[in-house]
Amino acid sequence: MTPRFQAPRGTRDLLPGDLGRWQWAEAQARGVLERYGYGEIRTPLFEDFELFARTSGESSDVVQKEMYRFKDLGDRDLALRPEFTAGVMRAYLERGLGGRTRIHRLWSAGPVFRYGRPQKGRYRQFSQINCELVGSPAPGADVEMITLFVDLYEAWGFRDLTVVLNSVGQPASRRAYGERLRAWLAPAHERLSADSQQRLVVNPLRVLDTKDPGDLALFHELGDVPRMLDAIDEADRAHWEAVLAGLDAVGIRYEVDHGLVRGLDYYTRTAFEVHDRSLGAQSALGGGGRYDGLIAELGGPPTPGVGFAIGLDRAMLVLEERGTAAPVPPAGIYLAAMEATHAAALALARELRRQLVVELDVEARGFGAQMKAAGKSGARLLVILGEEEWKRGEVVVKDLASGTQETLARPGLAEVLGARLAQAPPPTGGGAKGTEKP
RNA sequence: GUGGGUGUAGCUCAGCUGGCAGAGCACCUGACUGUGGCUCAGGGGGUCGUGGGUUCAAGCCCCAUCAUCCACCCCA
């Protein structure tokens, strides 16, 4: 088939069968976030282009070539959000949150947009859960963030994830470190890959996460790679050590990754990420860090903050591959009626639906067709409105898994059915693909 | 943005050196107008991603384009 319209490149439809898992995951996340005392904030899907340009850095790839930028009919220069933090911080300043209480714990979830070339785990519209702890410079804030970060994954059933972290220090020491890196690489500059030579100009720290085997061999040849952690100042080091101590105390497993960097100037100190190998190249499941320079960059008072973003699409891919978290479909009832009782069935369905999952045949087909539909529907119980029974004020209730039947009185039916559904889930697993014939 | 792979039924795929478009599953109908899954019989579904080219003849070869996948890049 050739559909006239296709979903735009890099976008996808999530169908009812997929969404059970998503909704479950979102509900789990919401629970964790609430228990940590975070409040939800919803900001616009689009903002001034300049806001993102400012927070992401004019030279960043996101700003240069990955933004959905557009002019509206009023000629405003806008962009679909490529991340959450900028909008959240804009709201923080615009709504004067800093003047209410010093510390704010905020989360958001929803779609974000980036114009990249799609591949598995990378879409142009994708979903993130975003968290920010604004107002505290303390290492304890970093520890809480990372703990929350890990607990979200654990709530989804991830058990073997390892957080990688590093300190990226302050802009000044980072620049100095960049120079050291350049000097270290200078003797071999010509032999670096073209990509890495380019990175050396734009964002020297990024050279460290090259995947080019030639570059890696070169690093080996040059000896010990200078480490960011050796370049940070006293205060940053104290902060770093306090964060590690905090994580140890909480029991969070982590690894120090000296190659983990954040290019943008407002990032300070702690940076962290989590990866899953099964995803291939797009292995980052989530990441975050401290951004003590961000709010000032937006014209606000200097205000520290830590935050992270989790990519839901990738997390869902992993869960799907592992077959975990398959949500249990609600146990339901199928109402089957005869020609003479179809109208009564409609009314009964409406009544039962105040508390129960009820399906019936809107086409009022023959009884055999209704039986087949009931079998496929996944319903646990079949309620038959037989003409004779109905006249007597009774219905026949059949357990579709076991095949047993009973006759029940019409009054109080909802309660009895509710009780039947509440007990003893079917041993066969139920669903449309029943196995045994009684 | 760069390089490569793949597009055939709703899904998973087969289709030989170019010669009448197929299978399994799914779906629908009937056997079975008051008892489902199983079974049996039958049925509907395709401009072979799209547009062009080569050829007597194209699902197959060529070009372009769109989508998707893999890697790079970037990142969640």
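In the text below, chain A, chain B and the rest are named by the order of the sequence lines, each starting its count at 1.
In this structure, E273(A) reaches neither bases nor backbone, as no heavy-atom distance under 4.0 Å exists between it and the strands shown. Among the atoms of the strands shown, none is found under 4.0 Å from any heavy atom of I310(A). Across all strands, G10(A) comes closer than 4.0 Å only to sugar-phosphate atoms, never to a base (heavy-atom distances). Residue contacts shown for G386(A) include a base, since a base heavy atom lies under 4.0 Å away. Residue-level contact check: L312(A) touches neither bases nor backbone, having no heavy atom under 4.0 Å from any strand. Contact annotation for G116(A): no contact, since no heavy-atom pair falls under 4.0 Å across all strands. If you check every strand for non-hydrogen atoms under 4.0 Å, F308(A) touches nothing. Base contact: E387(A) has a heavy atom under 4.0 Å from a base atom.
In this structure, the nucleotide among rG36(B), rC74(B), rC72(B) sitting nearest to the side chain of E66(A) is rC74(B). For R314(A), the listed nucleotide lying nearest its side chain is rC75(B); candidates were rU29(B), rU35(B), rC75(B). Distances from the side chain of R199(A) to the nucleotides rA76(B), rC73(B), rG36(B) place rC73(B) closest. Of the candidate nucleotides rC72(B), rU35(B), rA76(B), rU35(B) has the atom lying nearest to any side-chain atom of Q405(A). Closest approach to the K376(A) side chain among rC75(B), rC28(B), rC66(B) is made by rC28(B) (side chain taken as heavy atoms from C-beta onward). For A309(A), the side-chain atoms get nearest to rA76(B) when compared with the rest of rC74(B), rA76(B), rU68(B). Checking rC75(B), rG34(B), rC72(B) against every side-chain atom of D195(A), the shortest atom distance belongs to rC72(B). Checking rA31(B), rC66(B), rU68(B) against the side-chain heavy atoms of Q6(A) singles out rC66(B) as nearest.
The cationic atom of R290(A) (NZ for Lys, CZ for Arg) does not lie both less than 6.0 Å from the six-membered ring centre of Y267(A) and within 45° of the ring axis.
When all heavy atoms are compared, the tightest approach of L260(A) to A271(A) is CD2-O, 3.4 Å.
The nucleotide rC61(B) finds its pairing partner in rG53(B), both defining distances of the Watson-Crick or G-U wobble pair being shorter than 3.5 Å. With both pairing distances under 3.5 Å, rC32(B) is matched to nothing as a Watson-Crick or G-U wobble pair. Applying the Watson-Crick and G-U wobble criteria (two distances, each under 3.5 Å), rC75(B) pairs with nothing in any strand. The pairing partner recorded for rG44(B) is none, the criterion being a Watson-Crick or G-U wobble arrangement whose two distances lie under 3.5 angstrom. Pair assignment for rU6(B) gives rA67(B), based on Watson-Crick or G-U wobble hydrogen-bonding distances that are each under 3.5 Å. Applying the Watson-Crick and G-U wobble criteria (two distances, each under 3.5 Å), rG18(B) pairs with nothing in any strand. Taking a pair to require two hydrogen-bonding distances under 3.5 Å in either a Watson-Crick or a G-U wobble arrangement, rG24(B) pairs with rC11(B).
Between the C1' atoms of rA21(B) and rC62(B), the separation comes to 23 Å (whole Å). Comparing the C1' positions of rU47(B) and rG43(B) gives a spacing of 23 Å, expressed to the nearest Å. rG10(B) sits 36 Å from rU2(B) when the C1' atoms are compared, rounded to a whole Å. Taking atom P on both rG7(B) and rU12(B), the two are 13 Å apart, rounded to the nearest angstrom. Look at the C1' atom in both rC32(B) and rA9(B): the space between them is 29 Å, to the nearest Å. For rU29(B) and rG37(B), the P atoms lie 13 Å apart once the distance is rounded to whole Å. Comparing the P positions of rU8(B) and rG4(B) gives an interatomic distance of 22 Å, to the nearest angstrom. Comparing the P positions of rA23(B) and rG42(B) gives a spacing of 13 Å, expressed to the nearest Å.
Between the C1' atom of rC75(B) and the NZ atom of K120(A) lies a distance of 17 Å, rounded to the nearest Å. Whole-Å rounding puts the L200(A) CG to rC73(B) P distance at 15 Å. We find that CG of D361(A) is positioned 14 Å from C1' of rU33(B), with the value rounded to whole Å. Rounded to whole Å, atom C1' of rA76(B) lies 19 Å from atom OH of Y115(A). What separates CD of Q370(A) from C1' of rC32(B) is a distance of 14 Å, to the nearest Å. Atom CZ in R12(A) sits about 17 Å away from atom P in rA76(B), given to the nearest Å. The nearest whole Å value for the distance from the CD atom in E26(A) to the P atom in rA76(B) is 19 Å. A straight line from NZ of K65(A) to C1' of rC72(B) spans 11 Å, rounded to a whole angstrom.
The side chain of K211(A) places an N or O atom within less than 4.0 Å of a non-bridging phosphate oxygen (OP1 or OP2) of rC72(B). Contact check, R117(A) against rC70(B): no side-chain N or O comes under 4.0 Å of OP1 or OP2. The side chain of Q119(A) places an N or O atom within less than 4.0 Å of a non-bridging phosphate oxygen (OP1 or OP2) of rA71(B). OP1 or OP2 of rC73(B) has not a single side-chain nitrogen or oxygen of R122(A) nearer than 4.0 Å.
Nearest-nucleotide positions on RNA chain B for M371(A) and D313(A) put M371(A) closer to the 5' end. Between Q128(A) and R9(A), it is R9(A) whose nearest contact on RNA chain B lies nearer the 5' terminus.
With salt bridges taken as basic N to acidic carboxylate O contacts below 4.0 Å, none links E394(A) and R410(A). Looking at E40(A) and R30(A), a side-chain N of the basic residue comes within less than 4.0 Å of a carboxylate O on the acidic one, giving a salt bridge.
The closest donor-acceptor contact from the side chain of R122(A) to the backbone of R117(A) lies under 3.5 Å.
Contact check for E359(A) versus L335(A): no side-chain heavy atoms found under the 4.5 Å cut-off. In this structure, L93(A) and L298(A) have side chains that are in contact, with non-hydrogen atoms separated by less than 4.5 Å. M228(A) has its side chain out of reach of V261(A): every pair of non-hydrogen atoms, C-beta onward, lies at least 4.5 Å apart.
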**Request:** Would you sort out whether Y92(A) and E132(A) count as a side chain to side chain contact (heavy atoms under 4.5 Å, CB included), showing the intermediate values?
**Result:** CA-CA 11 Å; Y92(A) 174 89; E132(A) 316 284 358; over 6 Å; no

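Below the 3.5 angstrom threshold, one finds a donor paired with an acceptor across the side chain of E389(A) and the base of rG34(B).
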